[in-house]
Asker: 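Here it is: the structure, laid out below.
All values below were derived from every heavy atom in this structure, side-chain atoms included, with hydrogens, water molecules and symmetry-related copies excluded. In this chain, residues are counted from 1 in sequence order.
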Amino acid sequence: MNNALRITAFVAALAATFGTAYGVGRGTAPLVAAEDRPAQQHAGHGAGEEGRAKGAADQVAGGLQISDGGHTLALETPTIRAGARTEIRFAITDESGRKVTAYQREHGKELHFILASSDLTEFRHLHPVRAADGTWSTPVDLPKAGGYRAFADFTPVAEGAENLTLGADLAVSGTYRPTALPAPRAGVEVDGYRVALDGELRAGQGGELKLTVSRNGRPVTDLQPYLGAYGHLVALRSGDLAYLHVHPNEGGPGPVVSFTATAPSAGTYRLFLDFRHEGKVRTAAFTVPVAASGKGVVGHEEGGTGATGGHAH
């Protein structure tokens, strides 16, 4: 039988074979003093201080629910075709079914939209445009067929409102070929840059992750702010697509960008670092297993690039 299964067969088996949850961190803290914007941790977000780690472990990771806090992610484009530039449309609706048109701005945006494939080899951090009626839209070109998860990360306009990360399934039609999760490695190459990962990701405990950016054997010391931060880290848990948000610690503009993160459980996580240099945003991806004892081993270096990433504004 041809190993290249059509998407119809894939979709039928998707519920039984996939569901990749990730602890995701979007390292996007604005460049202000810590006392001006204290680190916070709640569902979908990572702590900026280890002292808040326990509270993070008690929270449910974001992105596992399509509805939460009286809001729903209504994906108006649930299916697109692989390899074709397509406009994805969606809305956030309230308890009455009305489209939400007012959001708090975080890191320069009202809403962050992330797409990730079930096998964690495709990743997109997008910034859609909102129409007056509350409909969001963004162009995207996904080269691989298969199952994807769409995440909407936002904070409603309401006193005391907390950040929400809602998730919905997206099917990308075409010839589906499963890809194994990339092996753990301590360093990856991305578009001529080398990004090295050092530190621990621990279950239920805060741990520091340091990512060092270099090019041609020299440290990159002039990283540029991207959405108000020198680095954005998203972590996704393999198996159920759980999403965690991680803000960077103080520092910059490179070569090291550090984050304090807490894994909600043991498992395998995929970390995506967005960094900007010479006007272009690039994404470095790492696979990190977290043992039940709480220690996440970065793993031995094996070369390769990890996942493919992309950005839209």
Asker: Please verify the inter-ring angle class for Tyr226 with His127; under 30° counts as parallel, over 60° as perpendicular, anything in between as tilted.
Answerer: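 Perpendicular.
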
Asker: Is it the case that Thr101 and Asp133 place a side-chain donor and acceptor less than 3.5 Å from each other?
Answerer: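 Short answer, no.
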
Asker: Is it true that His277 and Asp222 share a donor-acceptor pair across their side chains at a distance under 3.5 Å?
Answerer: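 A donor-acceptor contact under 3.5 Å links the two side chains.
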
Asker: Is any side-chain N of the basic residue among Glu278 and Arg215 closer than 4.0 Å to the acidic one's carboxylate O?
Answerer: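 Looking at Glu278 and Arg215, the cut-off is met.
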
Asker: Mind checking what makes salt bridge (Lys or Arg N to Asp or Glu O under 4.0 Å) contact with Arg89, not counting sequence neighbours?
Answerer: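 Scan of Arg89 (salt bridge (Lys or Arg N to Asp or Glu O under 4.0 Å), adjacent residues dropped) gives Glu76, Glu87.
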
Asker: Does Lys280 come within less than 4.0 Å of Asp191, counting only side-chain N to carboxylate O?
Answerer: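 Judged by the 4.0 Å cut-off on N to carboxylate O distance, Lys280 and Asp191 do form a salt bridge.
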
Asker: Hey, are Thr268 and Ser238 close enough side-chain-wise for a donor-acceptor pair under 3.5 Å?
Answerer: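 Short answer, no.
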
Asker: Can Thr155 and Glu106 be counted as having a side-chain donor-acceptor contact under 3.5 angstrom?
Answerer: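 Yes, side-chain donor-acceptor contact under 3.5 Å.
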
Asker: side-chain contact (heavy atoms from CB on, under 4.5 Å), that's the test. Do Leu181 and Thr121 meet it? Break it down for me.
Answerer: CA-CA 7 Å; Leu181 188 70; Thr121 59; over 6 Å; no

Asker: Under 4.0 Å between a side-chain nitrogen and a carboxylate oxygen: does that hold for Arg282 and Asp274?
Answerer: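 Judged by the 4.0 Å cut-off on N to carboxylate O distance, Arg282 and Asp274 do not form a salt bridge.
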
Asker: What's the spacing between Trp136 CH2 and Ile88 CD1 if we round to 0.5 Å?
Answerer: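 If I round to the nearest 0.5 Å, the distance is 14.5 Å.
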
Asker: Taking side chain to side chain donor-acceptor pair (under 3.5 Å) as the criterion, tell me which of Thr212, Asp198, Asn249 meets it with Ser258.
Answerer: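 Passing option: Asn249.
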
Asker: Any side-chain donor paired with an acceptor under 3.5 Å for Lys144 and Ser117?
Answerer: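 Per modelled atom types, Lys144 and Ser117 side chains form no pair under 3.5 Å.
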
Asker: With rounding to the nearest 0.5 angstrom, report the CD to NE2 distance, Glu95 to His71.
Answerer: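 Glu95 atom CD to His71 atom NE2 measures 8.0 Å (nearest 0.5 Å).
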
